[in-house]
Amino acid sequence: MGLTGSFLLLIGGFGAGGVLVHDPVLTNSPLGFWRYGHGRELATILVYTGVGLLFWAWVRVGRDVLAKRVGGRAVVALAAVWTVPMLAAPPLFTRDIFSYLAQGGLPLAGFDPYAVGPQALPGIISENVHFFWQETPAPYGPAFILVAKAVAWLTGENIILGVVLMRLALLPGLVLLVWALPELARRMGGRASVALWVAVANPMTVIHMVGGGHNDLLVVGLLAAGALLTLRGAHAGGIALVTIAMAVKASAVIALPFLVLVWAARMSGPLPARIAKAAAAGIGVFVGVFAALTLAAGVDLGWLPALRAPSMIVNWMSLPTGVGELTHTLVNLVVTVPKQPFIDVTRVIGALVLVWIAGRQWWAAREGGPDAVRRAGIVLLAVAVLSPAMLPWYVSWGMALLAGIAWSMRGLQIVVFASVMLVIAYYPNGEDALYNWPYIAVAVAVAALAAVSLQRPDPLRLAAGARGRSSRIRGTGRAGLRAGRCRARRRLSSTPPGSPTRRCGPRTPRAASSTPATDAPTSSPPGCCRGPAGPRCTPSTGSPATPTRSWTTSATPVRPRRRRPASTRWPSPSTPLWPAAPPTGRCSPRSRTPPAGTRSRRSSSGTSSRPCGWTPPSPATRRSTTSAPTCTARRP
């Protein structure tokens, strides 16, 4: 199913994806109709169908992963099969890869990529760059400029080959991610198969990172590998890898202070001294690696001022920007005012909140270890959400480290919901759909359905006979565990279904018959709890009276549960004991002498008497007790 979806994305991408302005292959061929009119509409349908099939397959694999029917190797194999068609597809849901090729071609043409935009480069490559980025200098570090220069030098004006080769150049990031995640998950308390399912097999990775050709794929692989090396004790190597990631995209620098704490935790001495020594060593590694990359790329530090370029993006995916737009909309209902001041104020507030989160998480991670890596992932995720501008693939920075934590079912459902929304938040041709509100409403409904489907295979009850049974996957998540505990409690207790004293939640009572059950007494002394095997005793006062409840049988006979032999079990003091026959008088479990009319049983010592209804265990499992177990009387 996932492979079918990938091939549909491949075929539909030639008409609905980020196609070339002048396609040298399709423009003058019989397949040229695929790029225009009804052909383009049909291609768009194929793309969205492929996205749906890919997500459907991913969610189904997720159920098997959570049920431990599928391991990490199978997840990696499936992800590889889904990814291969994306290597030959046109850019999907973005046109950024054309900007990468142009930024690599600028230095070869004698231009400074940190001073001019792609429009300064003549030829077919610059004309395919999105108009929004035509005059924008490269906001990427020297490591990526080095990679882009190599690809542009190898492919020249062959833009189709350039797109494919750029994907292959970024693919080592995915390989590093696959290599690092299993051990990261074991160190961080998670499961390797779940981590690989979240970060590698995710359609976000397959469609956006590989199909879109984003350089974030290289960043996340270097981040995960650097964090793992640091946890292993190769601190200098780990910081070097994260420095390379920072030389691709500056956001990766957030992880470096947390890796310094991991290094400091391995040193001896007071905490301030350890942090100072680790920071000095880390800065030395950082400066050496970054200087080498800058000299190799033949650029300077002009990319640092260019980092403000993404702030030109204004959309509500950035939380501060969204709050500013919402505030402006509400105020604009009363008085007409410009929008930008609202956005500027909320972005400043968002930056302050981000600094507070980063400082708090860094100090909380001062003991180092896997917890520092987890907190680095939290801060990277906060950077993506609280930065002035956010694009869907920015979320991958934090998820590269957070994929290895112990996920709850609710957390995984949020991951599924967010993944669906982030993939289809943009149209296949790279234009954003965030302000097409009917489209967003449908996307939210589809994302919610996918999230629920992770735990309920048939949430809409469409299968035959699904109306009369539950569609929840048993044993998954907190709710599943609670349901399992309730089922176990029903088996161990004699409370009839529908009783108000049950703690397992509401349930429709069974239909009752007027015929008394043959396996339960119709009366018992007051203060005794009744069950299928007879009454049990409890402290009470008074004399025998009318029964507190009369059991009835349902229309369908219930098969009694097979119990273990008495010689192989001994209940805990809090577990009720069921005597074989009802007592004839009041029960006084704290008394060592039973009331008149009750049966006296002697222990192995021959000195202590047990209260009424108590059945001694076999000699093999007998133990001495000071009092008999009790139960609480159930009121009618």
Side-chain angles (χ1 to χ4, degrees), residues 1-58 79-101 124-125 127-130 155 158-171 174 201-217 391-393 419-420 422-433 439 443 446:
M1 183 185 297
L3 182 61
T4 302
S6 294
F7 274 113
L8 290 179
L9 284 166
L10 170 64
I11 297 170
F14 286 104
V19 297
L20 300 175
V21 176
H22 300 95
D23 194 317
V25 177
L26 295 180
T27 299
N28 298 320
S29 71
L31 299 177
F33 79 98
W34 199 243
R35 291 161 43 91
Y36 310 101
H38 296 301
R40 184 183 181 90
E41 293 176 359
L42 181 59
T44 303
I45 294 174
L46 289 183
V47 168
Y48 281 111
T49 303
V51 171
L53 289 176
L54 198 56
F55 268 107
W56 190 2
W58 180 59
V81 169
W82 299 344
T83 300
V84 168
M86 297 293 98
L87 297 175
L92 295 172
F93 296 90
T94 184
R95 300 184 69 88
D96 284 3
I97 198 168
F98 298 133
S99 297
Y100 300 163
L101 294 174
I124 186 176
I125 295 179
E127 74 176 8
N128 285 283
V129 177
H130 195 280
T155 58
N158 191 334
I159 191 170
I160 296 178
L161 181 60
V163 169
V164 176
L165 194 59
M166 179 63 74
R167 286 197 180 109
L168 294 177
L170 299 176
L171 206 57
L174 184 60
N202 195 322
M204 265 286 299
T205 302
V206 176
I207 297 175
H208 269 319
M209 309 288 281
V210 179
H214 291 288
N215 55 12
D216 302 78
L217 185 61
L391 294 172
W393 39 93
S419 299
V420 176
L422 291 174
V423 167
I424 60 180
Y426 278 66
Y427 295 124
N429 62 357
E431 300 295 334
D432 76 85
Y439 176 89
V446 172

Pairwise side-chain contact, [X] with [Y], heavy-atom cut-off 4.5 Å (strictly under):
X: Pro203; Y: Val420; result: no
X: Val47; Y: Phe93; result: yes
X: Asn215; Y: Asp96; result: no
X: Leu92; Y: Met86; result: yes
X: Trp58; Y: Val206; result: no

Spacing of [X] atom [atom1] and [Y] atom [atom2] [to the nearest 0.5 Å]:
X: Met209; Y: Asn202; atom1: CE; atom2: CG; answer: 10.0 Å
X: Ser6; Y: Ile207; atom1: OG; atom2: CD1; answer: 7.5 Å
X: Leu171; Y: Thr83; atom1: CG; atom2: OG1; answer: 8.0 Å
X: Asp216; Y: Met204; atom1: CG; atom2: CE; answer: 9.0 Å
X: Leu8; Y: Leu54; atom1: CG; atom2: CG; answer: 10.0 Å
X: Leu165; Y: Asn158; atom1: CG; atom2: CG; answer: 10.0 Å

If we ignore hydrogens and angles and just use 3.5 Å, is the side chain of [X] paired with the main-chain N or O of [Y] as donor and acceptor?
X: Asn429; Y: Ala16; value: no
X: Arg95; Y: Val129; value: no
X: Tyr439; Y: Ile424; value: yes
X: Thr205; Y: Ala201; value: no
X: His208; Y: Leu422; value: yes
X: Arg35; Y: Phe14; value: no

Any idea which heavy atoms bring [X] and [Y] closest together, and the distance?
X: Asn128; Y: Ile124; value: ND2-O, 2.7 Å
X: Leu170; Y: Gly213; value: CD1-O, 3.6 Å
X: Ala57; Y: Gly2; value: CB-N, 3.5 Å

Practice task
Go through the steps to decide whether Trp34 and Leu46 satisfy the test side chain to side chain contact (heavy atoms under 4.5 Å, CB included), and finish with yes or no.
Solution key: CA-CA 12 Å; Trp34 199 243; Leu46 289 183; 3.6 Å; yes
Exercise for the section: Look at the aromatic rings of His214 and Trp393 and report parallel, tilted or perpendicular, splitting at 30° and 60°. Expected result: parallel
Problem - Pro85 and its side chain to side chain contact (heavy atoms under 4.5 Å, CB included) partner, picked from Leu9, Leu3, Ile11 - result: Leu3
Exercise for the section: Could you walk me through whether Val210 and Leu87 pass the side chain to side chain contact (heavy atoms under 4.5 Å, CB included) test, one step at a time? Expected result: CA-CA 7 Å; Val210 179; Leu87 297 175; 3.9 Å; yes
Practice task
Go through the steps for Leu20 and Ile160 under the test side chain to side chain contact (heavy atoms under 4.5 Å, CB included), then give the verdict.
Solution key: CA-CA 9 Å; Leu20 300 175; Ile160 296 178; 3.9 Å; yes
